[in-house]
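Working notes, beginning with the structure itself.
Order of the sequence lines sets the chain letters (A, B, ...), proteins ahead of strands, with each chain counted from 1.
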Protein chains: 2
Amino acid sequence: MNIKDIASLTGLSVATVSRVINNHSSVTKETREKVEKVIKETGYTPNFLGRNLRVSKTHKILVIIPTIGNLFYSEILEAIQEASTNSGFNILIGITNNDTELEKKYMELLTTKQVDGAILFLSRFDKEIMTAWSKKFPIVQCCEYTRGSDVTNVSIDNKQGAYDAVSYLISKGHTKIGAIRGQLYFASEADRTDGYMQALSDNGIERDLKYSYVTEYTMEGGKKGAEALMRLENPPTAIFAYGDTIAIGVIKTLKDMKKIVMNRKDGKRNVAVLGFDDIPLCTLFTPTISTVEQPKYQLGVTAFNLLMEKMNDPDMENKSVVLPHRLIIRQSSEF
Amino acid sequence: MNIKDIASLTGLSVATVSRVINNHSSVTKETREKVEKVIKETGYTPNFLGRNLRVSKTHKILVIIPTIGNLFYSEILEAIQEASTNSGFNILIGITNNDTELEKKYMELLTTKQVDGAILFLSRFDKEIMTAWSKKFPIVQCCEYTRGSDVTNVSIDNKQGAYDAVSYLISKGHTKIGAIRGQLYFASEADRTDGYMQALSDNGIERDLKYSYVTEYTMEGGKKGAEALMRLENPPTAIFAYGDTIAIGVIKTLKDMKKIVMNRKDGKRNVAVLGFDDIPLCTLFTPTISTVEQPKYQLGVTAFNLLMEKMNDPDMENKSVVLPHRLIIRQSSEF
DNA sequence: AATGAAATTGTAATCGTTTACATTTTGTAT
DNA sequence: ATACAAAATGTAAACGATTACAATTTCATT
């Protein structure tokens, strides 16, 4: 059952049938109704393989994302899905677990014309590669960017976010502030490290490299980090985690170690913890988790809208959109 | 740059170029190398729109899923992604939030030939519709099934799982056992309810409808459920939550109400909580959460493999695969 | 009724592949 | 050298839509 069949059944040409399907104005009301009747009776639906080839469009976008097991990403992804569904686009998803080979493999969906554009949650490729890709395909980086590249992106000011967080901890009297971060897969991490260091130096605190721990962006990673930092002879009194998932692992570990005891006044054995992202769990955990909020929904929607712009006008100049973050103080950073 | 260009550049016909690309054996080593050289030099990649139309295949599958904000689903989805990537398939994702219209809309990706098959995390359509779909397209239901339909599916024995859970609570001396479930969007819920009731009646306990609370499958839902159940004049001493996410909401609320106090011997103000799914958070929460484990990775992989079978042999008889579950006792159900 | 512009419909090329079938080339046995 | 089978390559028709362009119909104007 294809458009030809509909044409013969109606006694019209494939052209007019196509025009009916695509809502062209030049078709008379009677023929439109005649065609629609037959379409309904036969249950015909156009074959998009033919259409896609002809118009060289797929109405699909690719989202390359490290994982969806982190609520930070899944929330943004749901926002992208919502926006794209409203615009008639479908999402092809590429989960990479930060495997560069996979990332490249998914990018081939662009060269082979299987998607019209892509949203990338990654920043590990050279600026030259990113710029070249952006010249060839509509792409936008989400939550990340690649320094020195010419690629449209949307993110928060990660440096400022970290600066705000660490400054707050300092204002609370902390001077020994640990940091637990990922393995620099992302530009955002480098920026947060910049913010962390800036806050320290602005307050005349010398950075102690022993206080920086590198691990995976997981609860397990947080556990390892907390254990390592607490094993130091002069352990930090506050820990800045580069992600809430890490923060949860940290707090869980500290609780098991009895290092976190809520409502102590002396503060001696307390460790303040501050996370990043503001995932839903932050308010459900005990203690509730202080964090730097990222506007997840807006990040997703903006990424999609930027991509639409790029797809409609490939020669559009690339933009960098920075959305506001917000320091949210809950229990985990307080004594 | 298309296959014709490569043909002229090599002085061969498009047919042999195509044969090289598709690794046909009938092409001589010299010509193969000649073609590959030109392909490499020009950076040519085949346009899948042409190929897909010709062979009437997309190498894409659709996954229709209620949400990815629940770690239960995201873990299964990651398993599906891994399996499909290994087999050269890509995933189109349809997040529905249980919106039936959206579910239908995503199903159109099958009729319009935009995907080769689909994995469905839903069970709300009539058995007639499901059976008809299954006749027309390769589909498999994952975690769910539709009673009376003829559709390939994979899930655990939800009734038995619930039975095990509730029986355990009874064995611990509970007789007033609350249940918090979703809005019967899923067959799995009905089965769990069956198991819950069976366990009660097998132990001579009469079911009190006041102990059943219906809400959303979220932490917020758990909160509402816990509040409602605890407000009863004769509140339950144990709560069976149909999902760990609900369980987390319940426990959080009970903690806030001081209804859960770990290590009490008298048990008076304690409420036992038992969840379902075994998401990673179960071990991180305080108290750690007792639950019925579903083999998430296996569910995903099996769903994909079943779909592959169906796609390779559309006339294959439909199968129902049941994977083992496991009752995991942690702290939340103990005094 | 004849005219011509506007509205509607039709014809056929096109998108980029794959693949039956036809043709040519190669290689072996005589 | 010849004949013939096997191997390699080429020709051209699909796949199912969209869309210039051409042809036809409609309809107001004279």
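- Considering all non-hydrogen atoms of both residues, A:Gly69 and B:Leu71 come closest at O-CD2, 3.1 Å.
- One can place NZ of B:Lys57 at 13 Å from C1' of C:dT18, the figure rounded to the nearest angstrom.
- Residue-level contact check: B:Leu53 touches the bases, meaning some heavy atom is under 4.0 Å from a base atom.
- Of the N and O atoms on the side chains of B:Ser155 and B:Glu144, not one donor lies less than 3.5 Å from an acceptor on the other residue.
- In this structure, the NZ atom of B:Lys4 is 14 Å from the P atom of C:dT18, given to the nearest Å.
- The listed nucleotides are D:dA20, D:dT11, D:dT18; the one nearest the side chain of A:Ile3 is D:dT18.
- For A:Ser13, whose side chain is taken as the heavy atoms from C-beta onward, the closest listed nucleotide among D:dT9, C:dT11, D:dA17 is C:dT11.
- Looking at A:Glu41 and A:Lys37, a side-chain N of the basic residue comes within less than 4.0 Å of a carboxylate O on the acidic one, giving a salt bridge.
- Between the CZ atom of A:Arg19 and the P atom of D:dA17 there is a distance of 15 Å, given to the nearest Å.
- Every side-chain contact (heavy atoms from CB on, under 4.5 Å) that A:Ser134 has, sequence neighbours left out, goes to A:Ile139, A:Val151, A:Lys310, A:Asn318.
- Comparing B:Gly50 and B:Ala15 by the nucleotide of DNA chain D that holds the closest heavy atom to each, the one mapping nearer the 5' end is B:Ala15.
- One can place CD1 of B:Ile21 at 9 Å from C1' of C:dT17, the figure rounded to the nearest angstrom.
- Under the 4.0 Å criterion applied to side-chain N and carboxylate O atoms, A:Lys104 and A:Glu101 are assigned as salt-bridge partners.
- Out of C:dT9, C:dG16, D:dT19, the shortest distance to the side chain of A:Val27 is found at C:dT9.
- Judged as a salt bridge (charged side-chain N to carboxylate O under 4.0 Å, His left out), and not counting sequence neighbours, the contacts of B:Lys319 are B:Glu309.
- Heavy-atom distances under 4.0 Å link DNA chain D to A:Tyr44, A:Pro46 of residues 28-46 of chain A, given in residue order.
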